[in-house]
Amino acid sequence: MKQAASIHPGQRIHLAREIDRIGYMLVSRWERPLAAHLLSLVTRMENLVRAISLLELAKEASALAALLEQWLQQPEAAPSERVRYGQLRHHLGVVCQLGLMERQQNLGNLDGLLQPGAEDATLYMWLPAGLDDGRLQRQLACFGFEVTVMSQAAKLAKALQRQAPAAVVAFADFTDNDPIRQLASAISSSCPLVITSPRRDFPARLEAVRMGACGFLDWPLQVNQLVDLLSFGDIGERRDPLRVLIVEDMASLAGLYSRVLAAHGVEAASETNPERVPDRIQQFNPDLILMDMYMPQCNGIELAKVIRQQRLLDGIPIVFLSVEKRQTVQLDALTLGIDGFLTKPVAPEELVVTVVNRARRYRKLRSYIVNDSLTGLLNHSHLHGQLDSAIERARRAGQPLSLAMLDLDYFKQVNDNYGHQVGDEVLLNLARFLKERLRRTDLVGRYGGEEFAIVLAGTPADKACRMLETLRQDFCRLEQQVGERTFRQTFSVGVSSLASAEDATSLVQQADETLYRAKAAGRNRVECYGG
């Protein structure tokens with residue numbers, strides 16, 4: 001047992017590749033000597049992995065060995081090509097994939113790494129003593145960030161050991177005795193590092209890169225620029241990971257793919273029942289679908305066509321992951337609008353690179369198509385499409401849903417007094433504010449001009465009004481910048497819900513009516529329909 005336990009994982013991977021090679025020769029043509037050779041390889045794999053406690057792989061190898069033994073015990077009969085393409089190919093795919101990707105270490109703890117938590121809204125800020133008057137903390141708190149300001153290097157180092165924040169924002173002057181030089185390596189190894197500096201020259205920016213910084217902002221620090229940096233790009237992706245839906249009838253393989261992707265910063269959900277896939281797509285909002293090509297209820301091509309029938313789901317990239325090795329079949333799948341084809345067993349590196357690159361590109365392209373060009377929120381037409389789908393889901397599940405229509409107060413005066421550029425900045429600040437403070441499941445869009453709409457799924461009207469009241473109070477405290485001067489902006493809100501509306505049209509109409517009532521009552525307030 002001790003000798004078996006010391007076997008290097010590379011030997012198991014090599015054995016998995018050999019099982020795959022011999023196995024697919026047997027799928028193509030039945031030869032008893034070939035089947036006997038494959039049985040010996042599979043038995044060797046089973047004994048090897050059972051000795052090192054890879055029990056899931058051992059179980060699947062045992063099932064494949066039993067199938068081969070059953071066929072070999074029938075000297076006069078040979079399994080048909082259809083049977084080999086069905087049963088044998090399926091078992092081969094599972095065994096080879098597990099053998100190639102599974103690890104002896106327990107990867108189960110990776111599943112929770114990417115779930116939203118308190119650290120997503122926690123920032124550490126390192127500033128020299130006396131440099132901050134508390135304004136940055138107050139402004140970032142309005143966006144929902146919990147900011148801890150430190151001026152002692154030892155205190156920051158201890159805080160990093162206790163909890164990794166969403167990011168560390170550090171002031172640097174790049175002098176020889178700058179403490180951030182010594183701390184940069186420890187910071188960037190645990191979380192994103194953002195440098196802010198009064199220096200703007202190329203040597204300073206180059207030094208920041210060499211320190212491992214993910215971003216560089218001018219000092220004095222502008223809150224809106226920091227919020228943008230934390231919301232988009234690499235740092236934003238850490239806070240809102242890429243999402244992949246895995247459609248795979250083998251739960252063991254789906255879990256394996258999920259853990260591999262999670263280890264590389266991707267949030268993965270799995271579904272084994274094709275009938276539930278359309279609903280899961282709308283609930284999970286994936287950036288990519290990784291789909292097995294052969295499933296008991298229907299094949300992947302049929303399911304892909306069902307997905308493509310729905311306008312809002314038509315653009316999501318679909319990558320097939322299958323034991324299918326025939327090039328003609330793969331090419332046929334690609335001609336149907338499939339975005340990629342990975343053949344089992346797939347190496348972890350190939351899986352991650354293919355999935356991440358395609359998902360990242362889709363998220364960026366989708367933002368250009370469905371989002372308002374100024375605010376980055378959903379545009380009017382896509383907001384309506386998402387609202388219709390959200391209402392349908394809420395009706396089907398018997399859950400509440402509320403709609404809030406929000407309008408900036410006296411916004412024309414902002415444009416007249418400060419100019420349209422400042423007006424655009426106010427719209428951007430409100431968009432940033434809403435995106436940071438609302439839940440990921442909430443839909444927020446620019447309805448037109450200075451009017452915004454928020455769809456709150458699973459939220460009754462009274463709770464929606466309380467949420468919007470909190471947002472209204474916090475937004476009032478945000479300082480809008482005009483050169484050296486600042487001013488404050490307010491908004492009014494009207495809230496309606498499915499409890500009083502029959503469909504999207506009446507829901508919007510009721511929210512609009514309630515918004516006008518809020519404005520007539522003096523603005524800077526939240527009104528609830530029927531309240």
Side-chain angles (χ1 to χ4, degrees), residues 114 214-215 227-247 257 261 264-269 277-278 280-291 300-301 303-321 330 333-342 350-390 424 427-428 431-432 434-436 438 440-448 452-453 455:
L114 299 172
C214 297
V227 171
D228 277 349
L229 186 64
L230 295 170
S231 301
F232 302 103
D234 293 339
I235 300 179
E237 201 170 284
R238 294 191 189 203
R239 299 180 62 225
D240 183 14
L242 294 171
R243 293 182 291 278
V244 173
L245 177 63
I246 300 171
V247 183
Y257 301 140
L261 292 171
H264 290 81
V266 177
E267 183 179 348
V277 168
R280 288 299 301 275
I281 293 173
Q282 292 182 337
Q283 294 164 5
F284 188 57
N285 191 25
D287 299 295
L288 182 140
I289 300 169
L290 190 64
M291 186 187 300
I301 291 178
L303 181 55
K305 288 180 177 180
V306 170
I307 294 171
R308 295 295 192 226
Q309 287 172 351
Q310 303 175 65
R311 183 176 63 85
L312 292 177
L313 309 182
D314 184 55
I316 302 175
I318 298 174
V319 174
F320 277 152
L321 184 56
Q330 295 186 15
L334 293 175
T335 60
L336 296 172
I338 304 305
D339 298 86
F341 206 109
L342 292 172
E350 184 182 5
L351 175 69
V352 171
V353 169
T354 300
V355 166
V356 169
N357 286 341
R358 283 177 167 81
R360 185 175 288 158
R361 185 169 66 247
Y362 169 68
R363 178 176 283 192
K364 182 176 291 186
L365 290 174
R366 180 178 58 184
S367 71
Y368 296 150
I369 297 170
V370 307
N371 294 344
D372 172 66
S373 60
L374 174 63
T375 63
L377 303 177
L378 288 171
N379 59 36
H380 186 280
S381 61
H382 280 85
L383 178 66
H384 263 287
Q386 295 281 10
L387 175 60
D388 289 336
S389 297
D424 286 350
L427 292 171
L428 271 170
R432 296 181 185 108
L434 294 175
K435 280 192 288 189
E436 288 297 331
L438 291 169
R440 196 176 74 181
T441 54
D442 299 329
L443 301 171
V444 55
R446 186 182 181 191
Y447 205 73
F452 296 76
V455 182

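- Closest of all the heavy-atom pairs between Gln386 and Leu443 is CB-CD1, 3.5 Å.
- The distance from the CD1 atom of Ile289 to the CG atom of Leu303 is 7.5 Å, given to the nearest 0.5 Å.
- Arg243 meets the side-chain hydrogen bond (donor to acceptor under 3.5 Å, both in side chains) test with Asp240; sequence neighbours excluded.
- Of the inter-residue distances, the one linking Leu377 atom CG with Arg432 atom CZ reads 11.0 Å to the nearest 0.5 angstrom.
- What you find for Leu342 and Glu350 is that their closest heavy atoms are CD2-OE2, 3.4 Å.
- Scanning all heavy atoms of the two residues, the minimum distance from Tyr257 to Leu351 falls at CD2-CD2, 4.0 Å.
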Evaluate the side chain to side chain contact (heavy atoms under 4.5 Å, CB included) criterion for residues Arg280 and Val247: first the C-alpha distance (whole Å), next the side-chain angles of each, then the deciding distance (0.1 Å), finally the verdict.
CA-CA 10 Å; Arg280 288 299 301 275; Val247 183; over 6 Å; no
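- The side chain to side chain contact (heavy atoms under 4.5 Å, CB included) search around Val352 returns Val260, Leu261, His264, Val356, not counting sequence neighbours.
- Here Arg366 pairs with Asn285, Asp287 under the side-chain hydrogen bond (donor to acceptor under 3.5 Å, both in side chains) rule; sequence neighbours left out.
- Across all their heavy atoms, Gly265 and Pro241 have their closest contact at O-CB, 3.5 Å.
- Taken from CD1 in Ile318 to CD1 in Ile307, the straight-line distance is 4.5 Å, to the nearest 0.5 Å.
- Put simply, CZ on Arg358 and OH on Tyr362 are 15.0 Å apart, with the number rounded to the nearest 0.5 Å.
- Between Leu290 atom CG and Ile246 atom CD1 the span is 5.5 Å, to the nearest 0.5 Å.
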Between Leu378 and Asn371, does the side chain to side chain contact (heavy atoms under 4.5 Å, CB included) criterion hold? Intermediate values first, please.
CA-CA 4 Å; Leu378 288 171; Asn371 294 344; 3.9 Å; yes
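- Judged purely by atom type and a 3.5 angstrom limit, Ser367 uses its side chain to pair as donor or acceptor with the backbone of Lys364.
- For the side-chain hydrogen bond (donor to acceptor under 3.5 Å, both in side chains) test, residues two or more places apart in sequence or in another chain that qualify with Ser381 are Asn379.
- Residues Ala304 and Phe320 come closest through the heavy atom pair CB-CZ, 4.5 Å.
- For Leu374, the side chain to side chain contact (heavy atoms under 4.5 Å, CB included) test picks out Asp372, Asp424, Leu427, Leu428, Arg446, with sequence neighbours left out.
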Working note: Val355 + Val319, criterion side chain to side chain contact (heavy atoms under 4.5 Å, CB included); need CA distance, chi angles, decisive distance, verdict.
CA-CA 8 Å; Val355 166; Val319 174; 5.8 Å; no
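- Across all their heavy atoms, Tyr447 and Ala453 have their closest contact at CD1-CB, 4.0 Å.
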